[in-house]
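Given the structure is predicted, the values throughout are model-derived calculations rather than measurements. The figures that follow rest on heavy atoms only: side chains count, while hydrogens, waters and symmetry mates do not. Chain identifiers are assigned alphabetically (A, B, ...) following the order of the sequence lines, protein sequences preceding nucleic acid strands; residue numbering begins at 1 within each chain.
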Number of protein chains: 2
Amino acid sequence: MATVKDVAKLAGVGSGTVSRYISGTGSVSKKSAEKIARAVEQLNYRPNSMARSLSSRRSDLIGVWVPSLEGPYYHMMIRTIESALRLQGKHMILANAEDAQSNEDRLAHLDYLINRDCDGILISSSLQSEFELARYAEKFANLVVMNHHTEELAGRCFSIDHDLGGRLAARHLVELGHARVATITGRLSALDARQRHVAFLDEMVRLGHPVAPERIIEGAFSYAGGEQAVAALLASGTDYSAVFCGNDKVAMVLIAELHHRGISVPGDVSVIGYDDVEFTPYTAPALSTVHAPIEEMSQSACHQLLNLTYGLELPYQEHFEPSLSVRQSTGPSRA
Amino acid sequence: MATVKDVAKLAGVGSGTVSRYISGTGSVSKKSAEKIARAVEQLNYRPNSMARSLSSRRSDLIGVWVPSLEGPYYHMMIRTIESALRLQGKHMILANAEDAQSNEDRLAHLDYLINRDCDGILISSSLQSEFELARYAEKFANLVVMNHHTEELAGRCFSIDHDLGGRLAARHLVELGHARVATITGRLSALDARQRHVAFLDEMVRLGHPVAPERIIEGAFSYAGGEQAVAALLASGTDYSAVFCGNDKVAMVLIAELHHRGISVPGDVSVIGYDDVEFTPYTAPALSTVHAPIEEMSQSACHQLLNLTYGLELPYQEHFEPSLSVRQSTGPSRA
DNA sequence: TCCAAAAGTGGGATCGGTTCCATTTTTGAC
DNA sequence: GTCAAAAATGGAACCGATCCCACTTTTGGA
């Protein structure tokens with residue numbers, strides 16, 4: 001493999017000039033540029049990225065930490081981030097912490113990124129206690145967080161207004177005439193799950209239809225967690241004409257189980273989800289859900305991280321509002 | 001940040017000894033090891049991965065090229081690969097070619113990986129003409145391919161027996177008594193889509209129920225492609241008691257649309273998918289499908305790549321057999 | 001106790017870029 | 001045509017590891 005020196009020799013210029021030409025920094029005369037271009041062509045020169053990283057002290061690597069890769073949610077995130085990074089010639093390395101058993105494990109996954117000398121790190125964490133994020137933020141300036149908010153990380157937190165999201169769901173159901181409503185939440189230790197849940201309950205109270213405690217099931221944002229929670233709800237014997245599910249995966253599981261039991265959606269029971277992941281138009285019936293702008297948020301977080309890390313000025317926005325995505329899984333209450 | 005030299009000085013040993021201690025290669029006396037360990041602790045030393053890569057001429061980076069990141073299929077792949085690589089202390093960088101318009105674009109995505117000096121590359125390509133893979137294989141020894149087979153890459157191709165898969169689907173439907181069967185395929189220029197399709201048709205002939213040409217719709221393996229194909233099938237006016245879909249995404253779209261039109265699955269029409277991606281238990285009804293061992297294949301491909309690249313001896317297997325995963329979307333023909 | 005083999009050691013050369021700086025060349029206003 | 005400012009240049013120093021090699025120390029069998 002040819003090196004800068006080889007190119008410099010063949011082009012009859014100094015190595016500094018070649019470097020400047022290649023990286024596009026500093027100035028190079030037209031004449032030199034042409035000679036170098038020819039030499040590069042002839043030698044089929046390609047800069048060595050490790051040498052470049054070593055001497056420039058930047059790896060062009062961005063680390064992305066996610067708590068799980070089950071289901072479409074984090075995948076939509078990854079997909080968006082990969083694309084935004086590729087546009088800037090940066091590369092993503094990924095740490096999926098779903099096999100982590102303890103906080104220590106989760107930190108080990110973060111170290112897996114840090115040890116690689118990422119220039120910046122993007123974390124999606126909804127567990128408040130998951131990291132001592134503030135401490136990491138001190139040590140690691142180029143850190144940006146999604147689905148989380150702390151004072152220490154002002155300007156580096158990206159989030160969706162789940163308070164509004166929860167209320168939108170409540171209003172939608174009440175507008176359709178549903179008074180007896182059940183809900184399956186995510187793990188309430190997760191910030192985003194709790195926010196939407198609390199807001200949903202509160203809005204139901206405000207609208208005059210408080211949700212009875214026996215109609216509240218704490219589940220988890222996974223297929224397995226959804227199955228358990230759905231089973232618990234159906235076994236509880238309580239009645240309800242609509243169910244708000246904390247995310248779309250759980251809603252999907254619920255619809256499947258209701259179908260299995262011959263309960264019609266939305267005829268007998270309306271189901272509303274949350275997130276609006278890619279499969280929502282294709283459940284049967286198509287899922288009404290609270291649209292969370294996941295991709296926009298991911299892109300913004302990524303942009304801001306690139307700005308901080310490389311001094312770019314890409315557009316971004318810190319807060320996003322969800323909206324209602326009404327499809328066929330919700331309908332008027334029969335009562 | 002501390003360097004080997006700092007550690008060496010503090011520990012009172014040579015830099016070579018520190019290097020050997022850190023990397024675990026070569027021998028270091030117990031006494032030195034202890035002194036170095038103390039110094040590492042004290043200085044909070046962490047080796048610089050770029051310097052390491054430059055001098056050892058290995059990046060510990062594995063590039064993964066996928067044609068798309070829509071839907072669960074490639075995500076399951078990514079998830080498996082990330083995990084297998086992390087276990088070996090390697091990192092994955094990703095190139096998603098779904099925005100590529102031309103072959104040139106697709107190659108640019110591959111260059112995006114190669115320019116990063118990946119130690120090895122994993123490609124999932126079902127388009128035969130997509131790359132001149134053989135040429136890349138010459139230039140780039142540590143290359144492994146999924147869903148593809150060429151002579152030049154003997155021992156480096158990983159695949160699922162889609163011929164068998166297609167036949168399993170046919171047999172299942174015929175056993176249930178279906179004689180008028182329709183099928184929605186993927187793009188037939190894709191090897192995997194064609195294989196299962198051809199085998200399916202052939203097996204239907206063998207079983208005495210050839211599929212009439214008007215009951216064959218060429219679609220694509222995406223949600224949008226599925227929607228179009230489903231619309232085409234339903235508009236065609238042909239009748240059928242069962243549909244074989246070339247992948248699960250399309251099957252999901254079909255089920256949703258049938259539900260929308262009040263056509264019962266499997267009462268009026270049986271639907272069988274292909275792949276067995278993660279959502280299949282949760283469609284309504286749960287999707288009968290041909291189980292393709294995607295995760296096993298991905299892990300094997302990854303293992304063999306690691307073997308080739310780093311001289312490891314991880315277990316792997318080149319060919320995989322699909323099996324039937326019968327759920328609720330298929331049932332006996334009424335006729 | 002002796003000695004060859006094995007284990008352990010220090011430090012310099014090297015990987016292939018970037019960056020700095022002193023120096024030369026070019027530019028353009030007068 | 002002159003001259004100061006701006007542009008361009010070459011090459012050495014540097015980034016922080018690994019690896020090699022010549023050398024010293026330890027080991028253990030006779």
For [X], report the nucleic acid contact type (base, sugar-phosphate, nothing); a contact means any heavy atom under 4.0 Å.
{"X": "Val28(B)", "result": "sugar-phosphate"}
{"X": "Tyr45(B)", "result": "sugar-phosphate"}
{"X": "Ser32(A)", "result": "sugar-phosphate"}
{"X": "Thr3(B)", "result": "sugar-phosphate"}
{"X": "Ser53(A)", "result": "nothing"}
{"X": "Ser29(A)", "result": "sugar-phosphate"}

* Short side-chain N/O contact to dA17(D) OP1/OP2 from Ser56(B), under 4.0 Å -> no
* Asked: Under 4.0 Å between a side-chain N or O of Ser15(A) and OP1 or OP2 of dG11(D)?
  -> no
* Along DNA chain C (nearest heavy atom to each residue), the more 5'-positioned of Gly26(B) and Leu54(B) -> Gly26(B)
* Report yes if some heavy atom in the side chain of Val40(B) is under 4.5 Å from a heavy atom in the side chain of Ile22(B); otherwise report no. => yes
* Taking C-beta and beyond as the side chain, do Ile93(B) and Leu113(B) meet within less than 4.5 Å on heavy atoms? -> yes
How many whole angstroms separate atom [atom1] of [X] from atom [atom2] of [N]?
{"X": "Asn48(B)", "N": "dG16(D)", "atom1": "CG", "atom2": "C1'", "answer": "6 Å"}
{"X": "Met1(A)", "N": "dG17(C)", "atom1": "CE", "atom2": "P", "answer": "9 Å"}
{"X": "Met50(B)", "N": "dG16(C)", "atom1": "CE", "atom2": "P", "answer": "18 Å"}
{"X": "Arg20(B)", "N": "dT18(D)", "atom1": "CZ", "atom2": "P", "answer": "11 Å"}
{"X": "Arg52(A)", "N": "dC15(C)", "atom1": "CZ", "atom2": "C1'", "answer": "16 Å"}
{"X": "Arg57(A)", "N": "dG16(C)", "atom1": "CZ", "atom2": "C1'", "answer": "15 Å"}
{"X": "Ile36(B)", "N": "dG8(C)", "atom1": "CD1", "atom2": "P", "answer": "12 Å"}
{"X": "Ile22(A)", "N": "dG16(C)", "atom1": "CD1", "atom2": "P", "answer": "15 Å"}

* Selected nucleotide, minimal atom distance to Val4(A) side chain, candidates dG10(D), dA17(D), dG17(C) -> dG17(C)
* Structure fact -> Quick note, Thr17(B) side chain, CB onward, closest among dA7(C), dG10(C), dG16(C) is dG10(C)
* **Test item: side-chain donor near acceptor, His109(B) and Asn96(B), under 3.5 Å** => no
* **Test: Arg38(A) and Glu34(A) ion pair at under 4.0 Å** => no
* **Donor-acceptor pair present, Arg46(B) side chain and dG16(D) base, under 3.5 Å** => no
* To do: Look at the rings of His91(B) and Tyr112(A) and say which category their plane angle falls in: under 30° parallel, 30 to 60° tilted, over 60° perpendicular.
  => parallel
